[in-house]
Amino acid sequence: MADERRYNPHEIEAKWQSIWERERTWEVSNDADGDLPKSYVLEMLPYPSGEPHMGHLKNYSVGDAVAHFHRRTGRRVLHPMGYDAFGLPAENHAIRTGEHPRESTRKSIEAFQRGMRSWGISIDWSREFGTHEPRYYRWTQWIFLQFYKRGLAYRKEAAVNWCPKDATVLANEQVIDGRCERCGTVVEARQLEQWFFRITDYADRLLDDLETVEWPPHVVTMQRNWIGRSEGAEVIFRQPELGVDYPVFTTRPDTLFGATFFVMAPEHPDVLRLAAGTEHEEAVRGYVNHALSESSEERADTERTKTGVPLGRTVVNPVNGERIPMYVADYVLMEYGTGAIMAVPAHDQRDYDFARAFGLPIRPVVAPADGTVEEGEAFVSHTEGEVLINSGPFTGMTAVAAKDAIIDWLDTQGLGHRSINYRLRDWLLSRQRYWGAPIPMVYCDRCGLVAVAEEDLPVLLPEIEDYRPKGRSPLAAAEDWVNTTCPQCGGPASRETDTMDTFVDSAWYFLRYTDPDNESAAWDPDIANYWMPVDQYIGGIEHAILHLLYARFFVKAFADMGMIDSQEPFLRLFTQGMITRAGAKMSKSKGNMISPEPYVERYGADTARAYILFIGPPDQDADWTDEGVEGVYRFLARLWRLGVDIAARAGARALAPGGGGDAGDDLELMRKAHWAIDKVTNDLAGRFAFNTAIAAVMELVNEAYRRREGASDEALHFAAGTAASLIFPFAPHTGAEVYELLTGDRVWEEPWPAADPAMLERDVIQIAVQVNGKLRDRIQVPADAGRDDVESAARERPNVARHLDGHEVAKVVVVPGRLVNFVVR
RNA sequence: GCGGCUGUGGCGGAAUUGGUAGACGCGCGGGCUUCAGGUGCCCGUGAGCCUUGCGCUCGUGGAGGUUCGAGUCCUCUCAGCCGCACCA
């Protein structure tokens with residue numbers, strides 16, 4: 001083949017990128033002209049810190065393949081890009097270097113813009129924004145005010161997670177194993193007044209609507225577990241001496257007769273009052289003080305032995321009037337339920353551990369169907385067929401039936417009722433940090449808490465000199481900014497100095513993309529309703545809970561406000577696996593980071609993109625190897641040479657799907673081309689099987705090379721053009737170049753090729769012949785051959801006859817088009 | 001502890017519905033071109049056995065099972081990874 005010209009990806013990529021840039025090829029208007037269905041393809045927006053890495057290359061290579069495929073299969077595709085620019089890393093960088101976060105963020109955004117353009121990702125750049133720009137965060141603040149008006153944003157004092165290193169509070173979701181998600185420091189509990197979003201109001205809808213989205217099951221499970229809905233009952237235990245009723249939450253009302261003690265959390269406001277005047281008063285005070293000083297990490301350690309002290313009081317078990325002792329113990333959490341529990345040591349492992357440590361009675365009340373139970377043994381299981389024992393009038397009922405019966409009885413007595421509890425907590429959104437959107441609220445001595453007027457938005461982030469965290473927001477130092485007038489009375493007032501969690505910024509950005517230049521509203525509902533929901537969302541599994549839950553909450557709140565019709569932001573979700581190096585996660589500290597840039601420089605973006613998709617299933621982790629990159633480069637060069645060679649012989653003309661002769665190399669090559677169309681189409685439409693799709697194009701190219709002596713120019717032309725067309729979503733520059741060489745046309749303006757069903761069928765097929773399930777031969781038979789013909793053809797084969805000889809054939813299984821299996825004795 | 005995912009040649013992986021295991025790529029071996037190597041092009045490549053054949057046996061972490069037939073379904077089990085974790 002002609003070799004004096006070499007595959008030169010840089011020349012090719014620069015050529016097509018400049019065409020796409022100049023002609024604004026990937027921009028899409030909001031005018032829904034024609035009948036084309038819309039498709040919103042979105043990758044999670046990057047956090048602009050440093051340079052793009054391999055994870056970004058993978059994310060955008062996957063998204064771009066989907067976007068291109070959707071466009072060529074007749075959809076109007078919205079594929080925008082932006083930057084999640086506020087947040088701690090930029091601010092910490094500023095503290096270290098003195099460089100303003102705006103400056104370091106700008107540099108990083110430029111690096112992402114360069115990277116994305118050099119990769120040739122098909123983005124509608126006209127819709128680009130950063131969440132740190134006033135034209136964006138103005139509307140983040142506006143959304144906050146709408147939430148505030150509706151009681152969805154509120155301020156309260158609560159025990160919150162405090163990171164001493166970053167000197168800020170954290171959301172529950174940002175505490176991992178008792179440590180700060182960002183810096184790894186053990187978080188402390190602090191009693192502070194903070195801003196919250198009332199996401200718990202949406203707990204049921206967030207749970208139920210998971211059934212309406214097409215997400216990976218494990219992500220759905222993670223969200224479901226995070227919301228943690230538990231059905232049970234609230235039961236009232238009365239403390240007669242003080243005359244106070246203490247409700248507890250339980251999921252096991254059927255075990256009420258087995259309650260032998262009662263435990264309160266150290267944070268429970270009544271603990272000291274209850275113990276006052278008893279012999280335990282000092283011990284309780286000491287225990288509570290100690291418990292409050294412990295880190296949440298220490299307290300969460302399930303391995304340590306249970307501790308606690310008696311309160312010197314008793315409560316009345318409402319089902320049997322029994323007085324049971326009260327304790328304070330740190331295994332009971334104030335945040336969940338009512339901060340107090342009934343303890344049933346026979347049927348709860350934690351209560352069991354406590355009872356054993358304190359010598360408390362263990363009374364089984366649920367037994368297997370045969371009614372036997374070993375005395376004193378913990379018996380936590382709960383299976384079908386269990387019955388109640390030692391349970392007064394409920395004895396003998398099944399546990400399942402008793403649950404309902406006991407709740408109903410309590411309800412009639414006014415001693416309890418059905419209840420549901422959630423693990424989900426309200427979203428703590430205020431941060432004592434600089435680089436975020438200011439919370440648009442004002443404190444007035446006369447009027448109290450007052451919202452900034454909507455027409456005064458944005459509340460601009462002031463310039464400051466010193467970003468260092470001091471336990472209060474750095475914004476407090478900007479006195480000119482802090483001191484303002486009350487929007488209500490005009491008197492002196494001061495601004496809220498906390499900023500919003502970055503997750504607020506990213507909880508609605510996908511809506512702004514639909515209408516990014518709107519200066520009178522966050523978005524036009526008609527426009528957003530046209531594009532939403534996102535048809536395909538693509539990103540890392542690390543956002544399985546936080547970002548995805550917050551965005552879902554926002555959209556539901558917007559729907560309630562009539563701002564959007566969708567109840568869910570992301571119809572389909574794809575979570576990509578990590579790129580590893582020698583099996584290890586890449587990290588700066590390990591020094592095994594590899595950047596896409598040198599590979600793009602050496603082999604071109606198409607090779608880097610196609611390789612990252614070819615390496616394995618995109619939802620799984622994949623190990624980057626330089627040898628593998630070489631292989632994909634060789635393939636693309638091979639395709640390009642094939643195109644150059646055939647174009648020189650056949651000239652540029654339209655592809656002929658029925659081209660070439662109808663026998664021999666021509667027929668086989670045309671069949672291979674139609675097979676590849678079918679394979680790639682199915683791999684893209686039904687699933688994210690990019691690796692096998694690329695492999696199919698490789699097979700087509702190999703077939704063309706093998707048959708290029710015997711096949712006609714027409715057939716070779718169709719095969720090469722089809723390969724170029726099919727590789728386009730993965731290697732767009734090379735695909736466009738080869739397609740243009742062969743046809744003179746622009747491949748992205750061509751419809752996705754359609755496989756001719758007749759070319760997928762064969763007259764003569766090969767089927768397997770087995771004897772007792774073992775492969776003995778393969779035979780060629782007409783595709784429409786009947787059972788008997790297939791069987792007799794199989795029997796004639798020498799190797800088959802040999803294995804049948806001397807045996808009785810008990811059964812013959814014929815699977816049309818697949819195999820024939822002789823079962824012999 | 002609870003929940004989930006993964007396990008297939010020397011390596012990454014394929015097998016979409018229970019039907020010919022190992023597509024495609026890497027690596028390795030051989031040939032051709034060139035001949036200095038590389039590139040390029042073609043062929044071979046799961047393991048073992050010998051009687052070298054259109055051969056046989058074994059083979060998808062392990063042990064059982066269902067089936068004419070299991071990488072695929074069921075039971076148990078081992079290893080690695082991930083999520084949640086005193087949530088009553």
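Residue numbers start from 1 in every chain, and the chains themselves are labelled A, B, ... in the order their sequence lines are given, proteins ahead of strands. Since we're looking at a predicted model, the values are computed, not measured. Quick note: numbers below take in every heavy atom, side chains included, and nothing from hydrogens, waters or symmetry partners.
- The 5' end of RNA chain B is approached more closely, in terms of each residue's nearest nucleotide, by A:Val632 than by the other of A:Val632 and A:Pro798.
- Closest approach to the A:Val815 side chain among B:G19, B:U57, B:C24 is made by B:G19 (side chain taken as heavy atoms from C-beta onward).
- The distance between the ring centers of A:Phe237 and A:Tyr246 does not fall below 6.0 angstrom.
- Contact annotation: A:Arg423 side-chain N/O to B:A85 OP1/OP2 distance is under 4.0 Å.
- For A:Tyr336, taking side-chain heavy atoms from C-beta onward, the closest of the listed nucleotides B:A88, B:U20, B:A15 is B:A88.
- Between B:C56 and A:His803, a contact under 4.0 Å exists linking OP1 or OP2 to a side-chain N or O.
- Atoms CD1 and CG, on A:Ile341 and A:Asp348 in that order, are 7.0 Å from each other to the nearest 0.5 Å.
- Using a cut-off of 4.0 Å between Lys/Arg side-chain N and Asp/Glu carboxylate O, A:Asp623 and A:Arg581 are scored as not salt-bridged.
- For the OP1/OP2 pair of B:A23 and a distance below 4.0 Å, the side-chain nitrogens and oxygens of A:Asn702 include no atom meeting the criterion.
- Taking CD from A:Glu214 and CZ from A:Phe574, the interatomic distance works out to 14.0 Å, rounded to the nearest 0.5 Å.
- For A:Lys679 against B:U16, a side-chain-to-base donor-acceptor contact under 3.5 Å is present.
- OP1 and OP2 of B:U20 both lie 4.0 Å or more from every side-chain N or O belonging to A:Arg776.
- Between the side chain of A:Asp606 and the backbone N or O of A:Thr734, at least one donor-acceptor pair lies under 3.5 Å.
- Remark: A:Thr625 is not in phosphate contact with B:C11, judged by side-chain N or O atoms under 4.0 Å from OP1 or OP2.
- For the pair A:Pro617 and A:Glu699, both in contact range of RNA chain B, the more 5′-proximal nearest nucleotide belongs to A:Pro617.
- Each of B:A88, B:C86, B:A15 was ranked by its minimum atom distance to the side chain of A:Tyr331; first place goes to B:C86.
- Contact check, A:Asn691 against B:G12: no side-chain N or O comes under 4.0 Å of OP1 or OP2.
- For B:C41, the OP1/OP2 oxygens have a side-chain nitrogen or oxygen of A:Arg641 closer than 4.0 Å.
- For B:C68, the base has a donor-acceptor partner in the side chain of A:Asn821 [N/O atoms by modelled type, under 3.5 angstrom].
- Applying the 4.0 Å criterion to OP1 and OP2 of B:C41, one finds that A:Arg706 has every side-chain N and O outside that range.
- Residue A:Arg581 places no side-chain N or O under 4.0 Å from the OP1 or OP2 atom of B:G12.
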